[in-house]
Amino acid sequence: MSSYDLLSEPIRKYISEQGWDQLRPIQNSAIHKILTTSNNYILSAKTASGKTEAAFLPILTQVDFSKQGVQVLYISPLIALINDQFKRIEQLCEYLDISVTKWHGEASQSSKKRLIKNPSGIVLITPESLEAMFCNRSHEIPHLFSNLKFIVIDEIHYFDGTNRGIQLNSLLYRIKKESRSNFRLIGLSATIGNIDSIKKMGGQPESTKVLRDPTSKPTSILFKFFKDNGGGINIELYKDLFKETYTSRSLIFPNSRGKVEEITHYLLKISQKGNLHSNFFAHHSSIDKSLREYIENFAKTNTVSPFTICCTSTLELGIDIGSIDKVIQIDSTFNIASLIQRIGRSGRKQGQHSSVVLYHTNSWFLLQSIAIWELNLLGIIDSKSTSFYPFDILIHQMLSIIRSKNGILKIDLLNYLLEDYAFDSCTKEDIELILNSLLEQDILEITGQEILISLKGEYLVNSKDFYSVFESESMYKVIYQNNVIGELPLSPALKLDNKFLLASRVWHIVLIEHESKKIVVQAAKSGDKPTFYGNGIDISHIIKEKMLEILISNQNYDYLDSSSLEELDIIRKEFGSYKLTNYKIDRPVKHSASKTVIYMFSSSKITRTLSLFLDFNNIKNDINDLENTLSLDRIQTAELYRVFIKFNKDSQFLYSFIENLIESNPNILDFTKWGKYLPIKYKVKLLLNEYYDIQNTLDFLNTINLLENLD
DNA sequence: GACCTGCTGCGGGCTG
């Protein structure tokens, strides 16, 4: 039987009414597999290949929606995606009399109440809203979900290797446990890096299969190079960028909010000078949501005019903004999935090409970009390193479980968490020690054998900030004529009378109210990009190795323009004198009068761990991860090897070294929202796991072959 | 040399 024939009559009717002449490959295989087996499936295919329908056509065929209770739960990382998908799924359900309910922080209270009163159909939700449901309506969980047949997780790669993913996994376990339902899991994604870790979502890796449509969209790609002139972006780059964009419908991704503001402002100025259109927009998280929605809507509804949206990763995932002709990346992305997702934003219409231009402003970004593109051509996607020891999320879920049960016997809590596959790397001893520490800190209390949230703990769990596992920065609202333009962190540059760019316009600060966190502004003529704070970023080992491989090969790449080619030649010649042959183990080391520089070409974590070892040995050192360097005071190569060998013994002493580091500077744990409540031993483990990579560093240093410049 | 994500329940006042 063909996949089409397996579908129910109303679904077939829907398909013919849509005028689809055939099903897409991923839809064919998903329909067949979902309807004829009882496995879980991860559907992997490029953007705009009909993955949502691939999941829902068979689900709508198989599930009996006349039954009481929610039948299908769709989980998405973004509210905006839920709102888009709501329209599509509602349309699919038009003739089927199935209720579709949005459940997130901005969804209407009345539709939530309606669902509680009469649970049925399909519910679209975020992990945080699910968390809130467990906290505040735990007694409704069995009533809502005891008949649940499917959970669909959209953009599942987005959760992989993240704290939000561990939280979601724990919530999936809790749904199953509390509702006693036996749902199947369908995950959707365009960019799956680590299949094994994604298969663990839902806790049944053996019965979770991957269906993959490997076809990629034809992409015309061009690398350009405009060297930075020290004082920021080269003016020639702006001119070229303007030529590329002003007649097309394009997205520009410059990697930071500050650069988004700078570039949009500049392009707008060039356009106004030539009396051309002014459809240049800035789009990032610090611009007010209403303004962002206006821009998204402009792009979606305005099908004729050219426009350019300059954005951060806010427009990286599949939010519907209509058709885009061109995607532009300024300097390299930090991983492969990110570049593929961004490229996927263009040419979404069937048969349309993706047109992509990558600009580079220095040779290291150029090299990183070539490495990322070459790995993508090989079908490789680097994955985020999975969090092995999620002790901080364990605290969060511990508090959430106790809250939702209004107290629980100690033995029951221990068993509950031991069964929770989100924490299968945590032992019984770990859980007990962490629980005891929460009791000692007066966040929990114990009466008889029952664990309860204490008065101090109530402040934590009853805050509306409790439901998410990530921290949010403290921001000041920027207000112009009673309208909120956006929000900014209070940096030293934000002083009365100073000027700054936001939402592609220049503002002049006339009032700062610290109590209500407001900045009142007036329009001004010229100003600087605002300061945002961010942490460093980690690049994976596979990308760094590929950079060295490209550097020591003489392969040509036909997507490089002449200046990119020239720049690659220059940097290849620079490293040619080291006579490197094996990119796995050969590493250049440069000695000058006072300094020694090791070119690491290793994951950011390995470089950082080597730096930690050197700190431990009181050897002053300095990292530049972009340029792959670790610099020290002059030291002979033979001596370096001796130091490296010593690290094998040192590694056991690092523990107390890091303990001191945390005690003298508690701010290094700022990356974790719940980690500050952990016993010190677990703080150390968390930091070691999150920031360092001792085993791979030792392996790397034990095999490394340092080659000196022979000139 | 970062980016992004999310959010309850209640009570009071107003509208139609």
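Sequence lines set the chain letters: A, B, ... in the order given, protein chains first and strands last, and positions in each chain run from 1.
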Which whole-number value in Å describes the distance from [X] [atom1] to [N] [atom2]?
{"X": "A:His157", "N": "B:dT5", "atom1": "NE2", "atom2": "C1'", "answer": "13 Å"}
{"X": "A:Gln341", "N": "B:dT5", "atom1": "CD", "atom2": "P", "answer": "15 Å"}
{"X": "A:Glu316", "N": "B:dT5", "atom1": "CD", "atom2": "P", "answer": "11 Å"}
{"X": "A:Glu627", "N": "B:dG1", "atom1": "CD", "atom2": "P", "answer": "10 Å"}
{"X": "A:Leu367", "N": "B:dG1", "atom1": "CG", "atom2": "P", "answer": "17 Å"}
{"X": "A:Asn335", "N": "B:dC4", "atom1": "CG", "atom2": "P", "answer": "15 Å"}
{"X": "A:Ile252", "N": "B:dC3", "atom1": "CD1", "atom2": "P", "answer": "17 Å"}
{"X": "A:Ile330", "N": "B:dC3", "atom1": "CD1", "atom2": "C1'", "answer": "16 Å"}

Heavy atoms under 4.0 Å is the rule here; annotate nucleotides 6-16 of chain B 5' to 3' with B where the base is hit, S where only the sugar-phosphate is, and - elsewhere.
BBBS-------
Under a 4.0 Å threshold between the charged nitrogen and the carboxylate oxygen, would A:Asp693 count as salt-bridged to A:Arg608?
no
Check this for me: does any side-chain nitrogen of one of A:Arg342 and A:Glu316 sit under 4.0 Å from a carboxylate oxygen of the other?
yes
Checking side-chain polar atoms at under 3.5 Å, does A:Thr314 have a donor or acceptor matched by the opposite partner on A:Ser285?
no
Can you tell me if the side-chain N/O atoms of A:Ser285 get under 4.0 Å from OP1 or OP2 in B:dC4?
yes
Please, which pairs that meet salt bridge (Lys or Arg N to Asp or Glu O under 4.0 Å) have at least one residue in residues 162-174 of chain A, sequence neighbours excluded?
A:Glu128-A:Arg164, A:Glu131-A:Arg174
Can any side-chain N or O of A:Gln329 pair as donor or acceptor with the backbone N or O of A:Phe253 at less than 3.5 Å?
yes
Run the ring-centre check on A:Phe466 versus A:Trp674 and record whether the distance is less than 6.0 Å.
yes
